[in-house]
There are 2 protein chains.
Amino acid sequence: MRKLTIKDVAKHAGVSTATISRVLNGSGYVSEDVRRQVLASVKELNYRPNAIARSLKQEKSRSIGMILPDMSNPYFMTIARTIQQRLVAEGYRLLFMDSDENPDKEREALDALLSNRVEGLLLAGTGGNKEQLRQLIGSGIPVVLVDRCVPGVSADLVMEDNRGPVRQAMEYLVSAGHRHIGMIHGPKTISTALERYEAAVRALQEAGLQVGEEYVYSGDFSRKSGKQAIQKLMKLPVPPTAVFSANNEMTFGLYLGLQEMGIGLDEVEVVSFGDLDFSSLFKHRLSVIMQHPESIGDSAASILLDKLLHQKSAMENRIIIPKFVQKNKLSL
Amino acid sequence: MRKLTIKDVAKHAGVSTATISRVLNGSGYVSEDVRRQVLASVKELNYRPNAIARSLKQEKSRSIGMILPDMSNPYFMTIARTIQQRLVAEGYRLLFMDSDENPDKEREALDALLSNRVEGLLLAGTGGNKEQLRQLIGSGIPVVLVDRCVPGVSADLVMEDNRGPVRQAMEYLVSAGHRHIGMIHGPKTISTALERYEAAVRALQEAGLQVGEEYVYSGDFSRKSGKQAIQKLMKLPVPPTAVFSANNEMTFGLYLGLQEMGIGLDEVEVVSFGDLDFSSLFKHRLSVIMQHPESIGDSAASILLDKLLHQKSAMENRIIIPKFVQKNKLSL
DNA sequence: ATTAAATGTGTAAACGTTAACCTATCATGA
DNA sequence: TCATGATAGGTTAACGTTTACACATTTAAT
C-alpha cells in the first residue's frame with residue numbers, strides 16, 4: 001500500500017491536483033459540489049497531505065526549535081510545555097533538543113534545527129557558541145533567549161531577576177543570625193549562575209559578612225554536584241549553619257547528601273533558588289525563591305509569535321520577578 | 001541575505017550540484033581535490049543543506065513521533081529523554097506531542113505526526129483511537145506501544161508488569177494488619193490503570209478482605225484527583241488506615257490533600273505505584289513500586305531501531321518487572 | 001595493444017506540494 | 001449589447017535536494 005499523493009486523490013475525484021489543494025487549504029474558488037466530492041475522496045482514500053512537500057514548496061517549515069539544558073528538570077519542562085501548547089495552537093510544531101549543559105551538544109542541536117529550517121528559536125543557552133548565535137541573530141531568524149541571557153549577545157530575552165530575591169534571601173539569613181553561610185553555585189558561564197553568585201556574595205559583604213573561599217562550592221547545576229557540595233561543606237572545621245543553593249536540582253542533591261552523611265535535614269537552614277515541587281510537604285528549614293516557569297514560557301511564546309505572525313521587530317526584554325518565600329521556619 | 005542552496009555552492013566551487021551532494025553525503029566518487037574545494041566553499045558560504053528538501057527527495061523523514069500523556073510527569077519525560085538520546089545518536093529526530101490523557105488531542109497529535117511522515121511511532125496511548133491505531137499498524141509503519149498496551153490492538157510493546165508488584169504490595173498491607181484499605185485508581189480505559197486496579201482488588205479478595213465500593217476512588221492520574229480522592233476517603237465513617245495509589249502524581253496529590261486537611265502524613269500508610277523522586281527524603285510510611293523509565297525507554301528505542309535499521313519484523317513484547325520497595329517503615 | 005573495470009563529473013528527472021497564470025462561464029449593470 | 005468582475009477549475013513551473021544515467025578518463029589485467 002503505497003503512500004497516497006495528491007494526484008491519486010485528483011484522479012479519484014476526477015479533478016486536477018490544484019483543485020484538491022484549493023479544497024484542502026480553503027484557498028481560491030471551488031464549487032460546493034466539487035468541494036464535497038473532493039472531501040469524500042480524501043476521506044475514502046484516507047489521504048493525508050505531505051507536510052514535508054508543503055514546507056518545501058511554501059518555503060516555510062512551520063516549526064520552531066527549542067534548546068533546553070535538561071529535559072528531566074521539571075522547571076525547564078514546564079517552560080517547554082507551556083510554549084508547546086501556545087505554538088501548537090497557532091499551527092507550529094516545536095522541536096526540542098537537550099543540550100545537557102554542553103556547548104558542543106548545543107552546537108550540534110543548533111545545526112540540526114537550522115537544517116530543518118526552523119522559523120524561530122527558543123534558547124536556554126549554555127553560554128558557549130556566542131559567535132554562532134550572533135551570526136544567527138544577524139541572519140534575521142527570530143531568536144528568543146529563555147531563562148538565561150548570553151552576555152555579549154543581544155536578543156529578545158525572557159528571564160527571571162536573579163539578583164533581587166537573592167539579596168532578600170541573604171538578608172534573611174543574616175538577620176536570622178547565621179554567620180557561616182555555605183553557597184553552592186552553578187557554572188559561571190551560565191548567566192543565571194553568575195548573577196545569583198554575584199548577588200549572594202555582594203549581599204553578604206554589604207551585610208558585613210566575610211565570605212570565606214572554603215564556603216563557596218562551584219557546582220554544575222546537577223543533583224550530583226549538589227550532593228558533593230554539601231558533603232564537602234559539612235566537613236569544614238566550622239560547618240555552615242545555612243546554605244544557599246543556586247538551583248533546584250542541586251538543592252535536591254544537598255538533601256540527599258545530608259541524608260547519606262546521616263546528618264539531620266534540619267541541622268542546616270537552606271535557601272534554594274527554585275522550588276522543589278514537594279517542598280510544601282517538607283517540614284524542614286527550607287526557604288525557596290519561587291520561579292515562574294509558566295510565565296517565562298508564556299512570555300517567550302508571545303514574543304516569538306509576535307515576530308512570526310505580526311512581524312513585530314522591536315527587541316524585547318522581559319524580566320519576571322521571583323518571590324522569596326520563607327517556608328517551614330522552625331525556631332533555631 | 002537569502003538562504004543558500006546547493007546551486008550557490010556549486011557555482012562558487014565551480015562544479016555541478018551533483019558533486020556537492022556527493023561530497024556532503026559521502027556517496028559516489030569524488031576526487032580529493034574537488035572534495036577539498038567543495039568543503040571549503042561550503043564553509044566559506046556557511047551553507048547548510050535543507051533537510052526538508054532532502055526528506056522529500058529521499059522519501060524518508062528521518063523523524064520519529066512520540067505521543068505521551070503528560071510532559072510534566074518526570075516518569076514519562078525520563079522515558080522520552082532516554083529514547084531521544086538513542087534516536088538522535090542514529091540520526092533520527094524525535095517529535096514529541098502531549099496528549100494530555102485526552103483521546104481527541106491524541107488523535108490530532110497522531111494526524112500531525114503522520115502528516116510529517118514520521119517513520120515510526122512511540123505511543124503511550126490513552127486507550128481511545130483503537131480503530132485508527134489498528135489501521136496504522138496495518139499500514140506497515142512501526143508502532144511501539146510504550147508503558148501502556150491498548151487492548152484489541154496488537155503491536156510491539158514495552159511495559160511494566162502492573163500485577164505482580166501490586167499483589168506483593170497488597171499482601172504486605174494485609175500482613176501489616178490493615179483491614180480498611182483505600183484505593184485510588186486511574187481511568188479504566190488506560191491499561192496500566194485497569195491492570196493495577198484488577199490486581200489490587202483480586203489480591204485483597206484472595207487475602208480474604210472485602211473491598212467496599214466506598215474505599216475505591218476512580219481518579220484520572222492527575223495530582224488534583226489524588227488530592228480529591230484522599231479527601232473523600234478520609235471523610236468516611238471508618239477511614240482507611242492504608243491507601244494504594246496507582247501512580248506517582250496521584251500519590252503526590254494524596255499527600256497534598258492530607259496536608260490541607262491537617263492530617264498527619266503518617267496517619268495513613270501509603271503504597272504508591274511509581275516512585276516520588278523525593279521519597280527517599282521522606283520520613284513517612286510510604287512504600288513504592290519502583291518503575292524503570294530508563295529501561296522502558298531503552299527497550300522501546302531498541303525495538304524501534306531494530307525495525308528501522310535492520311528491518312526486523314518480528315513483533316516483540318517486553319515486560320519490565322518493577323520492584324516493590326518497603327520504605328520508611330514505622331511501627332504502627 | 002586491447003578490453004574491462006574503476007574512477008570522476010555533469011545533466012536532468014524526479015519527490016509532493018502550491019500558486020501564478022490561463023481559460024471559460026455566468027451574472028450584472030450601463 | 002458589451003464590457004466587467006466574480007466564480008470555477010485546469011496547466012505547469014517552481015521549491016532544494018538526490019540519483020539514475022551518460023560520458024569521459026584513468027588504471028589494471030590479459
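Chain letters run A, B, ... following the sequence lines, proteins first and then strands; every chain starts at 1.
Rounded to whole Å, atom C1' of C:dA14 lies 9 Å from atom CD of B:Glu59. Rounded to an integer number of Å, the gap from A:Lys7 NZ to D:dT11 P is 13 Å. Atom CZ of B:Arg117 and atom C1' of C:dG16 are 9 Å apart (whole Å). Here the P atom of nucleotide C:dT7 and the CZ atom of B:Arg35 are 16 Å apart, to the nearest Å. A straight line from CG of A:Asp8 to P of C:dG16 spans 9 Å, rounded to a whole angstrom. Protein atom CG of A:Leu56 is 9 Å distant from nucleotide atom C1' of C:dC15, rounded to whole Å.
Side-chain proximity of B:Arg54 to D:dT11, D:dT18, D:dA6: nearest is D:dT18. Relative to the side chain of A:Ser21, the nucleotides C:dT18, C:dT9, C:dA12 differ in distance, and C:dT18 lies closest.
If you find the closest nucleotide of DNA chain D to A:Val30 and to B:Thr19, the one lying nearer the 5' end belongs to A:Val30. Summary of the strand contacts: B:Ala53 and B:Gly14 both lie near DNA chain C, and taking for each the nucleotide with the nearest heavy atom, the more 5' one is attributed to B:Gly14. Toward the 5' end of DNA chain C, the nearer of the two residues A:Arg22 and A:Ile6, judged by each one's closest nucleotide, is A:Ile6.
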>> If you apply the rule side chain to side chain donor-acceptor pair (under 3.5 Å), what do you find for A:Thr126 with A:Arg148, and how did you get there?
In response: CA-CA 8 Å; A:Thr126 61; A:Arg148 302 170 173 186; over 6 Å; no
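For D:dG16, neither phosphate oxygen OP1 nor OP2 lies less than 4.0 angstrom from any side-chain nitrogen or oxygen of B:Thr5. Residue A:Thr17 places none of its side-chain N or O atoms closer than 4.0 Å to OP1 or OP2 of C:dG16. Using a 4.0 Å cut-off, no side-chain N or O of B:Tyr29 falls inside it from OP1 or OP2 of C:dG8. A:Asn25 has a side-chain polar atom (N or O) that falls below the 4.0 Å cut-off from OP1 or OP2 of C:dT18. Contact annotation: A:Gln58 side-chain N/O to C:dA19 OP1/OP2 distance is under 4.0 Å.
Judged by distance alone, with hydrogens and angles left aside, the side-chain atoms of B:Asn50 form a donor-acceptor pair with the main-chain N or O of B:Ala53 at under 3.5 Å. With hydrogens and angles disregarded, a donor-acceptor distance shorter than 3.5 Å links the side chain of A:Arg93 to the backbone of A:Ser61. Within the 3.5 Å criterion, the main-chain N or O of A:Lys312 finds no donor-acceptor partner in the side chain of A:Asp306.
Judged by distance alone with a 3.5 Å cut-off, a donor-acceptor contact links the side chain of A:Lys57 to the base of C:dT18.
B:Ser31 comes within 4.0 angstrom of the backbone, heavy atoms only, and of no base.
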